[in-house]
Amino acid sequence: MKKIINNPRDIIEEMLEGIVKSYPSIVHRIDDSRVVIKNAEAKQVGLVSGGGSGHEPAHAGFVGDGMLSAAVLGDVFTSPTPDQIHTAIINADQGEGVILIVKNYTGDILNFEMAKDMAEMDDIAVEIVVVDDDIAVENSTYTAGKRGVAGTVLVHKILGDAARKGASLSEIKALGDQVVAATKTIGVALRAATVPEVGKPGFELPEDEIEYGVGIHGEPGYRREKMQPSNILAAELVEKLLADYSEVPKKVGVLVNGMGGTPLMEQFVFVNDVLNLLAKKEVEVVFNKVGNYMTSIDMQGLSLTLIDLAEQQWIDALTSKVTTISW
């Protein structure tokens, strides 16, 4: 294993310190916690997200004006504790309540729900939006139902815009559920991630094979086959995503997300194929983003997210200016 680290046991603390020291004008850390919170305070509904580390820049990279109020970091691929999440809620609350944006994994759901109960005992109103955008498999390791993956970042953006504009807790909860329902993702892996404290890849994938539908923690996908050209990969993912909608959307947003070990050169080749395919199907792309947003440490591969953008307000929200580290 080759990684630029010190002691693997200290990697989260050292990463967290590096984040807040690098961007002190945008975020700071709550003392004795793993909570990153935005510097700019505003009288609005607070947005808190988080989960296991290893998905950087998610979630701390999306803390700031116009997106998340706070992010809470767990160990690698492990949910943060209820106490840590509770700390994030308390510090994100500006008297208007707090929305928790949670990826659909059993540990995250349990711990965020416990933190919600703790916060409500402190008279803080809390709602949860569960993101389950991964259509690759219905049930997988760590979860019952569909997994939450890169589409979570688009949820952060649209809900963050609504909160900044003064939407209420109940309005943002309803909006979040609508956005999640309109958002669909599938990933493909070329090589597994290596967790620093484990020191070896999470699963074995032969050098000439890929796996469709793999999860962001290395959970199994739905098919392995020989490596294919980018346009074949794009066709597979586009077809499956569009087929999952009851009607093919007229306007969509596209997010091509690197899993941590895929060069931007390859991501841009892939998005070119995706955009060409959508154009042939007369699906208008009104928003497009390419890069590393929800990674899996050093996994080689990428994911494709489509979001139905029939609502002009959602387009405006996705294109609005924010002050964060990574958007």
Side-chain angles (χ1 to χ4, degrees), residues 49 51 55-59 61-62 67 101-105 129-137 140 146-161 176-189 212-217 219 221-222 230 233-245 248-260 262 264 266-278 281 283-296 299 301-311 314-315 317-319 326-327:
S49 191
H55 304 304
E56 291 72 35
H59 298 277
F62 306 118
M67 288 189 75
I101 302 172
V102 187
K103 300 186 299 302
N104 189 34
Y105 297 98
V129 172
V130 176
V131 184
D132 59 353
D133 56 310
D134 188 351
I135 69 164
V137 293
S140 182
K146 296 183 297 180
R147 304 172 295 215
V149 288
T152 308
V153 179
L154 303 182
V155 178
H156 293 164
K157 186 67 171 66
I158 294 174
L159 269 57
D161 183 74
D177 291 342
Q178 292 169 0
V179 173
V180 170
T183 305
K184 301 178 187 298
T185 302
I186 300 182
V188 61
Y212 286 113
V214 71
I216 57 174
H217 308 103
E219 305 97 326
Y222 62 85
S230 172
L233 300 178
E236 168 92 13
L237 302 192
V238 167
E239 291 293 342
K240 282 197 170 291
L241 291 169
L242 291 179
D244 203 71
Y245 288 98
V248 174
K250 292 181 173 61
K251 296 181 179 182
V252 298
V254 171
L255 172 65
V256 169
N257 169 66
M259 302 295 280
T262 303
L264 280 170
E266 297 173 29
Q267 294 182 43
F268 282 116
V269 169
F270 178 79
V271 77
N272 182 56
D273 291 326
V274 169
L275 297 177
N276 288 339
L277 285 165
L278 291 172
K281 294 177 180 294
V283 177
E284 183 183 359
V285 176
V286 293
F287 173 82
N288 186 36
K289 206 160 184 67
V290 180
N292 298 321
Y293 296 96
M294 178 79 71
T295 64
S296 182
M299 182 185 288
L302 48 75
S303 64
L304 174 63
T305 301
L306 297 184
I307 178 171
D308 185 347
L309 290 178
E311 298 286 340
W314 295 11
I315 301 172
L318 287 170
T319 55
S326 301
W327 177 259

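In this text, all values refer to a predicted model and were calculated from it rather than measured experimentally.
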**Prompt:** side-chain contact (heavy atoms from CB on, under 4.5 Å) between Leu309 and Val252: does it pass, once the steps are laid out?
**Reply:** CA-CA 5 Å; Leu309 290 178; Val252 298; 5.8 Å; no
**Request:** Kindly give the heavy-atom pair with the smallest separation between Tyr105 and Gly148, and that separation in Å.
**Result:** OH-O, 2.9 Å
**Message:** Just verifying a value: how many Å separate Ile186 CD1 and Asp133 CG, rounded to the nearest 0.5 Å?
**Reply:** 10.5 Å
**Request:** For residues Ser326 and Tyr293, report the shortest heavy-atom separation together with the two atoms involved.
**Result:** O-CE2, 3.6 Å
**Value rounded to 0.5 Å, distance of OG1 in Thr152 from NE2 in His59** = 6.5 Å
**Asked** Hey, is the main chain of Phe268 close enough, under 3.5 Å, to the side chain of Asn272 for a donor-acceptor pair?
**Response** no
**Message:** Check whether Tyr222 forms a cation-pi arrangement with Lys240 (NZ or CZ under 6.0 Å from the six-membered ring centre, at most 45° off the ring normal).
**Reply:** yes
**Prompt:** Which heavy atom of Val214 sits nearest a heavy atom of Arg147, and at what distance?
**Reply:** C-NH2, 3.8 Å
**Prompt:** Would you say the side chain of Leu154 lies within less than 4.5 Å of the side chain of Val179, judging by non-hydrogen atoms?
**Reply:** no
**Asked** What is the distance from atom CG of Asp273 to atom CG of Leu278, rounded to the nearest 0.5 Å?
**Response** 11.0 Å
**Item:** From CZ (Phe270) to CG (Leu237), nearest 0.5 Å
**Value:** 4.5 Å
**Asked** Looking at Val153 and Met294, what are the two nearest heavy atoms and their distance?
**Response** CG2-CE, 4.2 Å
**Request:** Please answer whether the main-chain N or O of Ala150 pairs with a side-chain N or O of Thr185 as donor and acceptor at a distance below 3.5 Å.
**Result:** no
**Fill in**
Heavy-atom closest pair (Lys184 atom, Ile135 atom, distance to 0.1 Å) is CB-CG2, 3.9 Å
**Asked** Any sub-3.5 Å donor-acceptor pair from Asn104's side-chain atoms to Val130's backbone N or O?
**Response** no
**Asked** So, for Gly151 and Thr305, which heavy atoms are closest and what is the spacing to 0.1 Å?
**Response** N-OG1, 3.9 Å
**Prompt:** Out of curiosity, Lys157 NZ to Thr319 OG1, how far, rounded to the nearest 0.5 Å?
**Reply:** 6.5 Å
**Request:** Determine whether Lys103 and Val149 make a side-chain contact, defined as any pair of heavy atoms from C-beta on separated by less than 4.5 Å.
**Result:** no
**Prompt:** Within 45° of the ring axis of Trp327 and under 6.0 Å from its six-membered ring centre, is that where the NZ or CZ of Lys289 lies?
**Reply:** yes
**Request:** Take Met259 and Gln267, measure what side-chain contact (heavy atoms from CB on, under 4.5 Å) needs, and give me the verdict at the end.
**Result:** CA-CA 10 Å; Met259 302 295 280; Gln267 294 182 43; over 6 Å; no
**Request:** Verify, without hydrogens or angle tests, whether His55 (side chain) and Thr295 (backbone) share a donor-acceptor contact under 3.5 angstrom.
**Result:** yes
**Asked** Any donor-acceptor pair under 3.5 Å linking the side chain of Thr262 with the backbone of Gly258?
**Response** no
**Item:** Flag, side chain of Asn257 to backbone of Ser303, donor-acceptor distance under 3.5 Å
**Value:** no
**Asked** For the atom pair CD1 (Ile307) and CG (Leu255), what is the distance rounded to the nearest 0.5 Å?
**Response** 10.0 Å
**Message:** For a side-chain contact (heavy atoms from CB on, under 4.5 Å) check, start with the C-alpha distance between Val248 and Lys281, then their side-chain angles and the critical distance, and finish with the verdict.
**Reply:** CA-CA 9 Å; Val248 174; Lys281 294 177 180 294; 6.0 Å; no
**Message:** Given 3.5 Å as the limit, does a donor-acceptor pair link the side chain of Tyr212 with the main chain of Gly221, or not?
**Reply:** no
